Amino acid sequence: MAKTQTNLSLGGLPRRLVQDGIVDEEVILQAVASAQKSKKSIVTILIEEGLASSLAVAIAASQEFGLSLFDLDALEIDSLPPTLVDGDLIEAHHALPLLKRGPRLFVAISDPTNLMALDEIKFHTGISTDPILVEEDKLQKKIQQFLSSQHAASMDTILDADLDNLEIASEEDDNNDQDPGSEADDTPVVRFVNKVMLDAINKSASDIHVEPYENTFRIRYRIDGVLQEMSKPPQAMSHRIISRIKVMSRMDISERRVPQDGRIKMKLSKNRAIDFRVNTCPTLFGEKIVMRILDPSSTKLGIESLGFEKEQQETYQKALLQPYGMILVTGPTGSGKTVSLYTGLNMLNTIDRNISTAEDPAEINLPGINQVNVNTRVGLTFAEALRAFLRQDPDIIMVGEIRDIETANIAIKAAQTGHLVLSTLHTNDAPQTLSRLANMGVAPFNIATSVSLIISQRLARKLCTKCKTPEEIPRKTLIDEGFDEKEARTIKVYNATGCDHCNNGCKGRVGIYQVMPVTEEMGRIIMAGGNSIEIADQAKKEGVMDLRRAALNKVKAGHISLEEANRVTKE
């Protein structure tokens, strides 16, 4: 191949490729710029954009750096060392361990200048590395095959002991002809799904996300409010895994165009069962499934475990003992509103009370309470359920959410006529809740005479007691964050560290609460057309702790970090 004159600014492999006539100088300069911008290697850019032959680039690199060129097609996936290097490291550095011989590990790379990959692998394995040059396109293909085989192997080696005592309530026995996950050759899929669910429970996850994409398939858990990737099964298994979950949830597996809802009950022992609320949503590359884990034991922890300050807890309990009125719990999705309401219902659930709930859907089954799932498709709305409850001789009514003026008016009427009503609303804090009801069209007089207590809440990640460490923060910074002068001098602030007993320095969550009784003075402000700012000022005068102060108290007590307090409460 004819040699050509090259720009003196080019060096190494790019210069060699131009000299050998494999690519033009203008093309290589553009590729170098693109590689720097995308933080990819020049070899990857050339092959991905079709600017050069993978074999030609590999031969030129071999001659330039004096490395042997190896044909990856001659190597079987099963012969690769399976556990020496983490899959994420292989993907990140685009390098594949091929063979361990004595104290040396031979690693396949397509770019000889990729020294960082060799150093990282050496650091993580403690083994000296030697580069083996291979073609870029074959390396990409072999890495994907290797990672897929690793995920498949992890499915086949699931421990039986964890799954032997599980009982799954489903329709699979009645629908074997529709269940692609129930055939003998799909037993690993059945066991894999069970294992995913069991692992999520053991890790105290609140949700499982099963997500198909164009080239990948992943499973994530939400632990302590944060999503974490836990598994990447082979993409070819995505349909079977999703179908298996749909069958367990009693869904129509032939319907993939519209969202569906279902439930699964997993019986862990004679005395403990976990419910999963399952929802599917059609996406570009298949159905995404989210499974909400509902543990009935979470409502039986007792009000003391939720995180209320002593005065807040007493105020909530006092409101629960009132024969009538409305208690509203507010906050964003996932802030623990349901647990707060169910904890209150659990305290009220006695033989002499008739309690009815309307929910969408009922998340946790409570014996002794009449729970109704609203179903808008057949006309069973929150409002219709409330009308039915009022003809059922109720003492206590719980409405899952006040979404419209009709539901709000019926709930307020019930609170004014001798019933205790509990419900939720989506607002940022307690004072805004009263303004929100007024904006919905509820008469100010009805708000002032029916709403007795508003609780606004957030969930914050608790610091691990085994590894949390003191953090030095300047006094001025602490004062700026909201602590007073005395607190800033004496407070000890802790930060997350991370250990084997926790999740990046955090373990569990604790509630941050604003508990605001609606007093006569607040009622006057509401009837005078006052806004949420005026109500907030009045609440402050009456000693009501806002969400920010409640979060700072948790920092002061060493339960959460200042960073976490800012995450959940700072505007």
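Position 1 is the first residue of the sequence; numbering continues from there. Computed from a predicted model, the values in this text were never measured in an experiment.
Between the side chain of S423 and the backbone N or O of V399 there is at least one donor-acceptor pair closer than 3.5 Å. Looking only at distances, no side-chain donor or acceptor of E214 sits under 3.5 Å from a matching main-chain atom of F285. For K554 (side chain) and G307 (main-chain N/O), a donor-acceptor pair under 3.5 Å exists by modelled atom type. Put simply, the side chain of D224 gets close to the backbone of G508: a donor and an acceptor are under 3.5 Å apart. A side-chain donor-acceptor contact under 3.5 Å links T381 to the backbone of E384. With K468 contributing its side chain and G558 its backbone, the two residues share a donor-acceptor pair below 3.5 Å. Of the possible donor and acceptor atoms, none in the side chain of N495 sits under 3.5 Å from a partner among the backbone N and O of T469. Judged by distance alone, with hydrogens and angles left aside, the side-chain atoms of S452 form a donor-acceptor pair with the main-chain N or O of M326 at under 3.5 Å. Remark: the backbone N or O of A430 is paired with a side-chain donor or acceptor of Q514 at under 3.5 angstrom. In this structure, N354 contributes its side chain and D393 its backbone to a donor-acceptor pair below 3.5 Å.
Contact check for V226 versus Y221: no side-chain heavy atoms found under the 4.5 Å cut-off. Residues F192 and S231 meet the side-chain proximity criterion, which asks for heavy atoms closer than 4.5 Å. With contacts defined as side-chain heavy-atom distances shorter than 4.5 Å, the pair M230/D199 does not qualify. Counting heavy atoms from C-beta outward, V555 and F483 have side chains that approach closer than 4.5 Å. Between P517 and L453, the closest side-chain pair of non-hydrogen atoms falls below 4.5 Å. Side chains of L390 and H419 form a contact here, defined as non-hydrogen atoms less than 4.5 Å apart. Looking only at side-chain heavy atoms (C-beta outward), K540 and D546 stay at 4.5 Å or farther from each other. No side-chain heavy atom of I479 sits less than 4.5 Å from a side-chain heavy atom of D484.
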Inset, instruction - Given side-chain contact (heavy atoms from CB on, under 4.5 Å), test N553 with M545 step by step and report yes or no. - result: CA-CA 10 Å; N553 281 356; M545 186 188 305; 3.6 Å; yes
Inset, instruction - For L422 and I396, run side-chain contact (heavy atoms from CB on, under 4.5 Å): C-alpha distance rounded to whole Å, both residues' side-chain angles, the deciding distance at 0.1 Å, then the answer. - result: CA-CA 8 Å; L422 292 82; I396 298 162; 3.8 Å; yes
Inset, instruction - Assess whether side-chain contact (heavy atoms from CB on, under 4.5 Å) is satisfied between E359 and L341, documenting all intermediate values. - result: CA-CA 12 Å; E359 303 168 75; L341 281 178; over 6 Å; no
Inset, instruction - Apply the test salt bridge (charged side-chain N to carboxylate O under 4.0 Å, His left out) to residues E481 and K476: give CA-CA distance (whole Å), side-chain angles for both, the deciding distance (0.1 Å), then the verdict. - result: CA-CA 9 Å; E481 291 289 353; K476 184 180 183 304; over 6 Å; no
Inset, instruction - Kindly determine whether Q260 and N279 satisfy side-chain hydrogen bond (donor to acceptor under 3.5 Å, both in side chains), including the steps that lead there. - result: CA-CA 6 Å; Q260 296 187 64; N279 176 266; over 6 Å; no
Inset, instruction - Give the intermediate values and the outcome of salt bridge (charged side-chain N to carboxylate O under 4.0 Å, His left out) for residues D395 and R353. - result: CA-CA 6 Å; D395 295 302; R353 292 188 176 105; over 6 Å; no
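Nearest heavy atom pair, residue I355 against residue L348, reads CD1-O, 3.7 Å. The two residues A205 and I223 make their nearest non-hydrogen contact at CB-CG1, 4.0 Å. Of all the heavy atoms in K507 and C502, the pair that sits closest is CB-CB, 4.2 Å. Minimum interatomic distance between I219 and P233 (heavy atoms only, all atoms of both residues): CD1-CG, 3.9 Å. Contact detail for P431 and S532: the closest heavy-atom pair is CB-O, 3.6 Å. Annotation for M527 and F445: closest pair SD-CD1, 3.8 Å, computed over non-hydrogen atoms.
Using modelled atom types, one finds no donor on one side chain facing an acceptor on the other under 3.5 Å when comparing Q313 with E309. No hydrogens or angles considered: nothing links the side chains of Q457 and T330 as a donor-acceptor pair under 3.5 Å. A donor-acceptor contact closer than 3.5 angstrom is absent between the side chains of E563 and S561. Side-chain polar atoms of R256 and H239 form a donor-acceptor pair below 3.5 angstrom. Residues R436 and N428 bring no donor and acceptor atom of their side chains to less than 3.5 Å of each other. T519 and E542 form a side-chain donor-acceptor contact under 3.5 Å, judged by distance and modelled atom types alone.
A salt bridge links K288 with E211: at least one charged nitrogen is closer than 4.0 Å to a carboxylate oxygen. For E564 and R458, the salt-bridge test fails: no basic side-chain N is under 4.0 Å from an acidic carboxylate O. Remark: E487 engages R549 in a salt bridge, criterion side-chain N to carboxylate O under 4.0 Å. A salt bridge does not link E401 to K337: none of the charged side-chain nitrogens sits closer than 4.0 Å to a carboxylate oxygen. Electrostatic pairing of D207 and R292 counts as a salt bridge here, judged by a charged N lying under 4.0 Å from a carboxylate O. Salt bridge annotation for R263-D275: present, with a cationic side-chain nitrogen under 4.0 angstrom from a carboxylate oxygen. The pair E255-R257 meets the salt-bridge criterion, with a side-chain N (NZ, NE, NH1 or NH2) lying under 4.0 Å from an Asp/Glu carboxylate O. Ion pairing of R403 with D360 is present here, as a side-chain N (NZ or NE/NH1/NH2) and a carboxylate O approach within less than 4.0 Å.
One finds the OG1 atom of T569 at 7.0 Å from the CG atom of L547 (value rounded to the nearest 0.5 Å). Atom OG1 of T449 is separated from atom CD1 of I412 by 8.0 Å, given to the nearest 0.5 angstrom. Taken from OG1 in T280 to CG in D252, the straight-line distance is 10.0 Å, to the nearest 0.5 Å. Between the CD1 atom of I245 and the CD1 atom of I208 there is a distance of 7.5 Å, given to the nearest 0.5 Å. Rounding to the nearest 0.5 Å gives a distance of 10.5 Å between CE of M522 and CG of D537. Here Q432 contributes atom CD and D429 contributes atom CG; the two are 4.5 Å apart, rounded to the nearest 0.5 Å.
For residues 516-533, the pairs satisfying salt bridge (charged side-chain N to carboxylate O under 4.0 Å, His left out) are E520-R524, E521-R524, with sequence neighbours left out.
Within 6.0 Å of NZ on K462 lie no more than 12 heavy atoms contributed by other residues, nucleotides or ligands.
Applying the side chain to side chain donor-acceptor pair (under 3.5 Å) test to D404 and every residue at least two apart in sequence or in another chain returns T407. Among residues two or more places apart in sequence or in another chain, the side chain to side chain contact (heavy atoms under 4.5 Å, CB included) test is passed with K310 by E314.
Between F308 and Y513, the ring planes are parallel. Angles under 30° get that label, and only those over 60° would be called perpendicular.
With P212 as reference, I242 is the one residue of L284, I289, I242 to meet the side-chain contact (heavy atoms from CB on, under 4.5 Å) rule.
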